[in-house]
Amino acid sequence: MGSEQIGQGGLTSKASPGKATILALGKAFPHQLVMQEFLVDGYFKNTNCDDPELKQKLTRLCKTTTVKTRYVVMSDEILNKYPELAIEGIPTIKQRLDICNDAVTQMAIGASRACIKKWGRSVSDITHMVYVSSSEARLPGGDLYLAGGLGLSPETQRVMLYFSGCSGGVAGLRVAKDIAENNPGSRVLLATSETTIIGFKPPSVDRPYDLVGVALFGDGAGAMVIGTDPVPVTESPLFELHTAIQNFLPNTEKTIDGRLTEEGISFKLARELPQIIEDNIEGFCHKLIGVAGLTDKDYNKMFWAVHPGGPAILNRMEKRLDLLPDKLNASRRALMDYGNASSNTIVYVLEYMIEESRKMKAGAANCDWGLILAFGPGITFEGILARNLTI
């Protein structure tokens with residue numbers, strides 16, 4: 001697995017005593033890099049489909065997603081070994097889980113090692129772990145395999161969040177924040193890992209919504225270390241996590257519908273999803289920013305680290321909240337470079353957020369306060385009011 005992480009030197013802001021902070025970020029990917037311009041031909045070749053209408057539809061979708069590149073576990077080697085994955089109607093859940101369980105563990109180990117290396121302390125200093133994935137199913141869970149792969153102490157306290165979808169990364173961050181603040185001196189490893197193989201299917205006229213996922217989703221892993229009261233010199237905090245909340249919207253459970261079947265996971269994303277998020281985003285944001293005495297007049301003085309579920313969601317948020325064009329740059333860049341990688345993507349957004357804030361002149365943007373947001377099945381809104389400590 002390849003791995004990357006962002007440098008963390010030159011930090012100036014101080015964290016508040018007792019408040020959880022993100023101390024390091026890391027990411028990892030499978031080796032298969034897919035260029036969006038070649039995806040359509042490759043996908044239809046791999047699935048032995050020659051339907052011209054479906055091919056045209058996927059071509060249009062690939063252009064509208066704004067995705068340019070992404071990483072995937074799926075490869076010619078896997079399809080040669082498991083040709084049944086590309087055939088409609090064959091029970092393949094066992095084969096998929098055999099592939100996915102191993103792949104998500106290896107990616108999670110890679111991202112965690114990259115994160116811990118950048119953090120600069122020993123793996124033995126990790127006291128807790130939160131593991132997030134919607135791409136595996138087993139007992140014991142992936143948290144145990146990750147702990148073993150990293151050499152964590154058997155006394156490490158573990159929490160798993162399964163099948164939280166796109167909101168999983170911020171949900172995990174909320175849980176890690178609570179653990180860190182309620183266990184002084186603790187250091188929490190948050191790891192997310194996802195692969196689309198669990199839902200890989202051939203195109204079908206009976207499931208046109210599948211093509212949205214084909215055009216949009218990618219694979220990878222992300223990791224963070226979270227803790228309170230950073231050790232001077234040794235630790236460099238990136239973001240302070242001030243307040244975290246979760247809301248679900250009643251009677252929207254069918255809007256993002258995922259079912260584990262004998263043929264893997266089947267997803268349906270309703271067309272009204274962007275509209276539902278647009279209709280409810282203001283009230284959710286008001287709950288968070290009010291804690292810091294901010295109002296909607298401060299939106300463009302804040303940073304916005306938003307999980308990029310898709311361009312329609314970002315566009316509607318930008319319009320509804322009257323955000324300046326550059327406010328969602330980090331989210332758009334993450335979507336363009338990695339696709340929607342489900343729970344992992346918020347790590348990539350935060351890395352781009354740090355990169356962009358460091359390019360700005362000191363004090364020019366006044367974006368120390370901001371929001372970390374994600375939306376997932378439920379429909380569930382996850383949000384954290386945070387301070388950027390890198391400016």
Side-chain angles (χ1 to χ4, degrees), residues 6 10-16 19 21-22 25 66 166-167 169-170 173-174 177 237-247 273-337 340 345-375 379 381-391:
I6 194 166
L11 307 181
T12 56
S13 301
K14 291 185 178 180
S16 303
K19 280 291 183 182
T21 59
I22 298 174
L25 299 166
T66 71
C166 291
S167 60
V170 181
L173 192 54
R174 170 175 52 81
K177 165 184 163 61
L238 304 173
F239 294 92
E240 178 180 299
L241 308 177
H242 190 278
T243 302
I245 64 173
Q246 179 199 72
N247 284 177
L273 175 60
Q275 184 65 56
I276 292 173
I277 291 175
E278 179 184 353
D279 291 343
N280 291 275
I281 189 62
E282 283 184 286
F284 185 73
C285 291
H286 285 166
K287 293 179 184 178
L288 277 168
I289 66 175
V291 176
L294 302 170
T295 70
D296 55 5
K297 295 181 181 179
D298 298 306
Y299 280 162
N300 284 303
K301 296 179 182 179
M302 299 163 53
F303 70 82
W304 293 80
V306 181
H307 169 82
I313 292 173
L314 296 178
N315 292 342
R316 286 173 177 267
M317 277 191 61
E318 186 177 81
K319 182 179 179 181
R320 175 58 67 97
L321 302 178
D322 198 21
L323 299 178
L324 295 172
D326 64 339
K327 285 297 170 180
L328 297 178
N329 271 357
S331 297
R332 296 189 192 281
R333 287 180 64 190
L335 182 63
M336 181 175 66
D337 292 344
N340 179 343
T345 322
I346 197 63
V347 174
Y348 316 152
V349 173
L350 290 171
E351 284 198 333
Y352 281 142
M353 187 71 59
I354 294 170
E355 179 184 313
E356 292 182 2
S357 68
R358 286 176 179 162
K359 289 179 180 178
M360 298 177 183
K361 294 181 180 179
N366 190 28
C367 294
D368 52 342
W369 284 104
L371 295 179
I372 303 172
L373 301 172
F375 319 103
I379 295 172
F381 281 42
E382 292 279 356
I384 299 177
L385 175 67
R387 288 175 56 221
N388 185 346
L389 303 180
T390 69
I391 54 177

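Quick caveat: nothing in here was measured; it's all calculated off a predicted structure.
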Taking the side chain from [X] and the backbone from [Y], do they hold a donor-acceptor pair closer than 3.5 Å?
| X | Y | value |
| --- | --- | --- |
| Trp304 | Ala330 | no |
| Glu240 | Ser16 | yes |
| Ser331 | Val306 | yes |
| Lys177 | His242 | yes |
| Asp279 | Ile276 | no |
| Asn340 | Gly309 | yes |

Work out which heavy atom in [X] is nearest to a heavy atom in [Y]; give both atom names and the distance.
| X | Y | answer |
| --- | --- | --- |
| Ile289 | Leu385 | CA-CD1, 4.5 Å |
| Ile372 | Phe303 | CG1-CE1, 4.5 Å |
| Thr390 | Leu238 | CG2-O, 3.6 Å |
| Tyr348 | Ala334 | CB-CB, 4.1 Å |
| Lys301 | Lys327 | C-NZ, 4.3 Å |
| Val349 | Ala305 | CG1-CA, 3.8 Å |

### Pairwise side-chain contact, Met353 with Phe239, heavy-atom cut-off 4.5 Å (strictly under)
yes

### Query
Looking at side-chain heavy atoms only, is the closest gap between Glu355 and Arg333 below 4.5 Å?
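Heavy-atom side-chain distance check passes, below 4.5 Å.
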
### Task
Given side chain to side chain contact (heavy atoms under 4.5 Å, CB included), test Leu373 with Met317 step by step and report yes or no.
CA-CA 11 Å; Leu373 301 172; Met317 277 191 61; 4.0 Å; yes

### Task
Give the intermediate values and the outcome of side chain to side chain contact (heavy atoms under 4.5 Å, CB included) for residues Leu350 and Ile22.
CA-CA 10 Å; Leu350 290 171; Ile22 298 174; 4.0 Å; yes

### Message
Taking salt bridge (charged side-chain N to carboxylate O under 4.0 Å, His left out) as the definition, give me every residue that meets it alongside Glu318, ordered by chain and number, with sequence neighbours left out.
### Response
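Once residues adjacent in sequence are excluded, the partners of Glu318 under the salt bridge (charged side-chain N to carboxylate O under 4.0 Å, His left out) criterion are Arg332.
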
### Query
Partners of Asp322 by side chain to side chain donor-acceptor pair (under 3.5 Å), sequence neighbours excluded?
none

### Task
Go through the structure and list residues passing side chain to side chain donor-acceptor pair (under 3.5 Å) with Asn329, not counting sequence neighbours.
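Scan of Asn329 (side chain to side chain donor-acceptor pair (under 3.5 Å), adjacent residues dropped) gives none.
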
### Derivation of the side chain to side chain contact (heavy atoms under 4.5 Å, CB included) call for Trp369 and Leu294
CA-CA 9 Å; Trp369 284 104; Leu294 302 170; 4.0 Å; yes

### Query
Is the distance between the ring centroids of Phe284 and Phe375 less than 6.0 Å?
no

### Check against side chain to side chain contact (heavy atoms under 4.5 Å, CB included), Lys287 and Asn247
CA-CA 10 Å; Lys287 293 179 184 178; Asn247 284 177; 2.6 Å; yes

### Summary
dist Leu371:CG -> Leu288:CG (nearest 0.5 Å) comes out at 5.5 Å

